[in-house]
A.B. asks: 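My questions all concern the structure below.
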Amino acid sequence: NSKIIEQKKELDSMQRMAEKLSQNYIQLRKTAKEKAIDLVETYYGHSSAFQRSIILHQQAKKYWKTFSHLSINKEHLDACTEAIKRGVKIQALTSLKESNLERVKLWRERGIEVRLLPELAFRYSVYDDAGVIFRFVHEKQYLASHIRNSKFAIGMSNLFDSYWTIAKEF
């Protein structure tokens with residue numbers, strides 16, 4: 001009988017310890033998110049990066065700024081249009097290539113502000129002072145990195161704004 005009571009006390013103690021560990025883990029995950037740990041997600045291949053971009057357009061609340069070759073994917077353009085209807089301001093910088101002029105018209109018809117640069121030095125999007133997505137293409141391989149960090153996003157938004165002021169209106 002005393003052995004059973006002793007085992008029950010030990011089990012109760014282990015259960016309290018497990019609960020405490022679980023609570024500590026939950027708090028650690030919360031702190032990690034608040035302190036910007038686990039900020040970078042990487043997407044391999046155009047399709048997975050594209051789907052993530054669409055989801056982020058659907059979640060955007062204030063603005064979306066992008067250096068882009070201007071996608072003509074209907075699902076992507078629809079996500080942009082819906083964002084604009086929600087009050088999200090979308091601005092795009094693209095290159096002066098002749099092949100992009102039709103794309104510029106298509107984006108502008110959707111309500112997206114577009115300006116032109118002689119060429120794009122990089123490709124990234126920044127949204128809501130919350131995150132940045134860099135896009136890399138090399139030898140037909142596509143990679144995108146999504147960085148969630150407010151200070152970084154604000155800096156990249158300011159860089160975009162600097163280019164925006166010198167870009168040509170269409």
Side-chain angles (χ1 to χ4, degrees), residues 26 29-97 99-138 141-170:
I26 291 167
R29 292 298 300 158
K30 183 179 176 185
T31 302
K33 286 180 182 177
E34 290 170 359
K35 292 191 176 187
I37 297 172
D38 296 332
L39 291 177
V40 180
E41 296 171 304
T42 302
Y43 300 92
Y44 301 93
H46 192 263
S47 178
S48 63
F50 217 60
Q51 288 305 312
R52 184 61 180 157
S53 179
I54 289 168
I55 290 167
L56 291 172
H57 275 82
Q58 292 167 344
Q59 296 172 351
K61 293 177 177 58
K62 297 186 293 185
Y63 73 83
W64 186 280
K65 301 173 183 181
T66 187
F67 286 88
S68 174
H69 290 296
L70 307 182
S71 164
I72 57 172
N73 176 283
K74 183 181 179 333
E75 190 177 3
H76 183 253
L77 288 171
D78 288 348
C80 291
T81 301
E82 290 303 313
I84 290 168
K85 286 179 184 176
R86 291 192 319 273
V88 176
K89 181 177 182 175
I90 300 181
Q91 297 172 297
L93 288 167
T94 192
S95 70
L96 288 170
K97 293 180 183 176
S99 62
N100 266 348
L101 294 181
E102 288 303 314
R103 291 176 183 221
V104 170
K105 289 177 188 175
L106 179 64
W107 276 48
R108 288 183 53 86
E109 288 170 2
R110 295 287 186 130
I112 301 166
E113 296 177 45
V114 180
R115 290 193 182 176
L116 305 170
L117 293 169
E119 74 177 87
L120 295 180
F122 32 72
R123 291 174 25 175
Y124 75 83
S125 299
V126 59
Y127 64 94
D128 291 346
D129 293 345
V132 181
I133 300 172
F134 286 98
R135 297 175 301 280
F136 308 95
V137 180
H138 178 67
Q141 293 184 1
Y142 193 91
L143 171 77
S145 289
H146 178 205
I147 303 167
R148 293 183 314 264
N149 181 285
S150 181
K151 289 180 182 177
F152 185 65
I154 291 168
M156 296 309 288
S157 177
N158 291 339
L159 179 62
F160 179 93
D161 292 343
S162 296
Y163 277 90
W164 185 260
T165 59
I166 63 170
K168 293 183 181 181
E169 291 188 35
F170 181 73

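FYI, the numbering just counts along the sequence from 1.
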A.B. asks: Show the nearest heavy-atom pair for residues Leu120 and Ser95, with the distance to one decimal.
C.D. replies: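 Closest heavy-atom pair between Leu120 and Ser95: CG-N, 4.0 Å.
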
A.B. asks: What distance do Leu101 atom CG and Leu106 atom CG have between them, rounded to the nearest 0.5 Å?
C.D. replies: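 Answer for the CG-CG pair, Leu101 versus Leu106, is 12.5 Å.
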
A.B. asks: Would you call Arg148 and Glu41 a side-chain contact if the rule is heavy atoms closer than 4.5 Å?
C.D. replies: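 Sidechains of Glu41 and Arg148: in contact.
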
A.B. asks: Would you say that Ile154 contacts Lys151 through its side chain, given a criterion of any heavy-atom pair below 4.5 Å between the two side chains?
C.D. replies: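 A side-chain contact under 4.5 Å is absent here.
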
A.B. asks: How far apart are the closest heavy atoms of Trp107 and Ala92, and which atoms are they?
C.D. replies: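 Closest approach of Trp107 to Ala92, heavy atoms only: CZ3-CB, 3.8 Å.
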
A.B. asks: Does OH in Tyr44 sit with more than 12 non-hydrogen atoms of other residues, nucleotides or ligands closer than 6.0 Å?
C.D. replies: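 At most 12 heavy atoms, drawn from other residues, nucleotides or ligands, come within 6.0 Å of this atom.
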
A.B. asks: Answer yes or no: is there a donor N or O on one side and an acceptor on the other, between the side chain of Ser150 and the main chain of Asp129, under 3.5 Å?
C.D. replies: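 Yes; at least one donor-acceptor contact below 3.5 Å.
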
A.B. asks: Which value, rounded to the nearest 0.5 Å, describes the distance between Trp164 atom CH2 and Lys65 atom NZ?
C.D. replies: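 Result: 9.5 Å between the selected atoms.
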
A.B. asks: For Cys80, does its backbone N or O pair with a side-chain atom of Arg110 as donor and acceptor, under 3.5 Å?
C.D. replies: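 Flag not set: sc Arg110 to bb Cys80 has no pair under 3.5 Å.
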
A.B. asks: Going through the checks in order, is the side chain to side chain contact (heavy atoms under 4.5 Å, CB included) test met by Trp64 and Leu56?
C.D. replies: CA-CA 9 Å; Trp64 186 280; Leu56 291 172; 3.7 Å; yes

A.B. asks: Any chance you could measure Ile55, atom CD1, to Phe50, atom CZ, to the nearest 0.5 Å?
C.D. replies: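 So the gap between those two atoms works out to 12.5 Å.
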
A.B. asks: Roughly how far apart are Leu93 CG and Tyr163 OH, rounded to 0.5 Å?
C.D. replies: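 One gets 9.5 Å once the value is rounded to the nearest 0.5 Å.
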
A.B. asks: At what distance, to the nearest 0.5 angstrom, does CD1 of Ile112 lie from OG1 of Thr94?
C.D. replies: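 Spacing of CD1 (Ile112) from OG1 (Thr94) equals 11.5 Å.
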
A.B. asks: Looking at Arg115 and Ile166, would you say the former's side chain and the latter's main chain have a donor-acceptor pair under 3.5 Å?
C.D. replies: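 No, because the side chain of Arg115 does not come within donor-acceptor range (under 3.5 Å) of the backbone of Ile166.
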
A.B. asks: Report the distance from atom NE2 of His57 to atom OG1 of Thr81, rounding to the nearest 0.5 Å.
C.D. replies: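 Those atoms lie 10.0 Å apart.
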
A.B. asks: With side chains defined as the heavy atoms from C-beta onward, is the minimum distance between Gln91 and Tyr63 less than 4.5 Å?
C.D. replies: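 A side-chain contact under 4.5 Å is absent here.
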
A.B. asks: Quick one: does Arg86's side chain have a donor or acceptor within less than 3.5 Å of a partner on Gln58's backbone?
C.D. replies: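 Checked: pair present.
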
A.B. asks: Between Val137 and Arg123, is a side chain to side chain contact (heavy atoms under 4.5 Å, CB included) present by the stated rule, with each step listed?
C.D. replies: CA-CA 9 Å; Val137 180; Arg123 291 174 25 175; 3.9 Å; yes

A.B. asks: Please check if the number of heavy atoms outside Ile72 that lie under 6.0 Å from its CD1 is greater than 12.
C.D. replies: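 12 or below, so no.
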
A.B. asks: Grab the two heavy atoms, one from Val132 and one from Tyr127, that are nearest each other, plus how far apart they are.
C.D. replies: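 Shortest heavy-atom contact: N-CE2, 4.2 Å.
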
A.B. asks: Give me the ring orientation class for Phe134 and Tyr124: parallel if the planes are under 30° apart, tilted from 30 to 60°, perpendicular past 60°.
C.D. replies: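 If you compare the ring of Phe134 with that of Tyr124, the planes turn out tilted.
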
A.B. asks: After noting the C-alpha distance and the side-chain angles of Asp161 and Asn158, does the key distance pass the side chain to side chain contact (heavy atoms under 4.5 Å, CB included) rule?
C.D. replies: CA-CA 5 Å; Asp161 292 343; Asn158 291 339; 4.2 Å; yes

A.B. asks: Assess, by modelled atom type and distance only, whether the side chains of Ser68 and Arg103 contain a donor and an acceptor separated by less than 3.5 Å.
C.D. replies: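 Arg103 and Ser68 do not have a side-chain donor-acceptor pair below 3.5 Å.
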
A.B. asks: Please report the shortest heavy-atom distance between Ile54 and Ala79, naming the atom on each side.
C.D. replies: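 Result for this residue pair: CG2-CB, 4.0 Å.
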
A.B. asks: Is there a side-chain contact between Glu169 and Glu113, using heavy atoms and a 4.5 Å cut-off?
C.D. replies: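 When only atoms from C-beta onward are counted, Glu113 and Glu169 do not touch, as no gap falls below 4.5 Å.
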
A.B. asks: Would the distance check show the side chain of Asp128 and the main-chain N or O of Lys62 forming a donor-acceptor pair, the cut-off being under 3.5 Å?
C.D. replies: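 Yes, Asp128 side chain to Lys62 backbone: donor-acceptor pair under 3.5 Å.
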
A.B. asks: Give the minimum heavy-atom separation between Ser125 and Thr66, together with the two atoms involved.
C.D. replies: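 Taking every non-hydrogen atom into account, OG-OG1, 2.7 Å.
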
A.B. asks: Any idea which heavy atoms bring Ile133 and Ala144 closest together, and the distance?
C.D. replies: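 Minimum heavy-atom separation between Ile133 and Ala144: CG2-CB, 4.2 Å.
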
A.B. asks: Establish, yes or no, whether a centroid distance under 6.0 Å links the rings of Tyr43 and His146.
C.D. replies: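 Not under 6.0 Å, so no.
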
A.B. asks: With heavy-atom distances below 4.5 Å as the criterion, would you say the side chains of Leu117 and Phe67 are in contact?
C.D. replies: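 When only atoms from C-beta onward are counted, Phe67 and Leu117 do touch, with a gap below 4.5 Å.
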
A.B. asks: Is there a donor-acceptor pair under 3.5 Å between the side chain of Ser157 and the backbone N or O of Ala153?
C.D. replies: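 Checking the backbone N and O of Ala153 against the side chain of Ser157, no donor-acceptor pair under 3.5 Å is found.
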
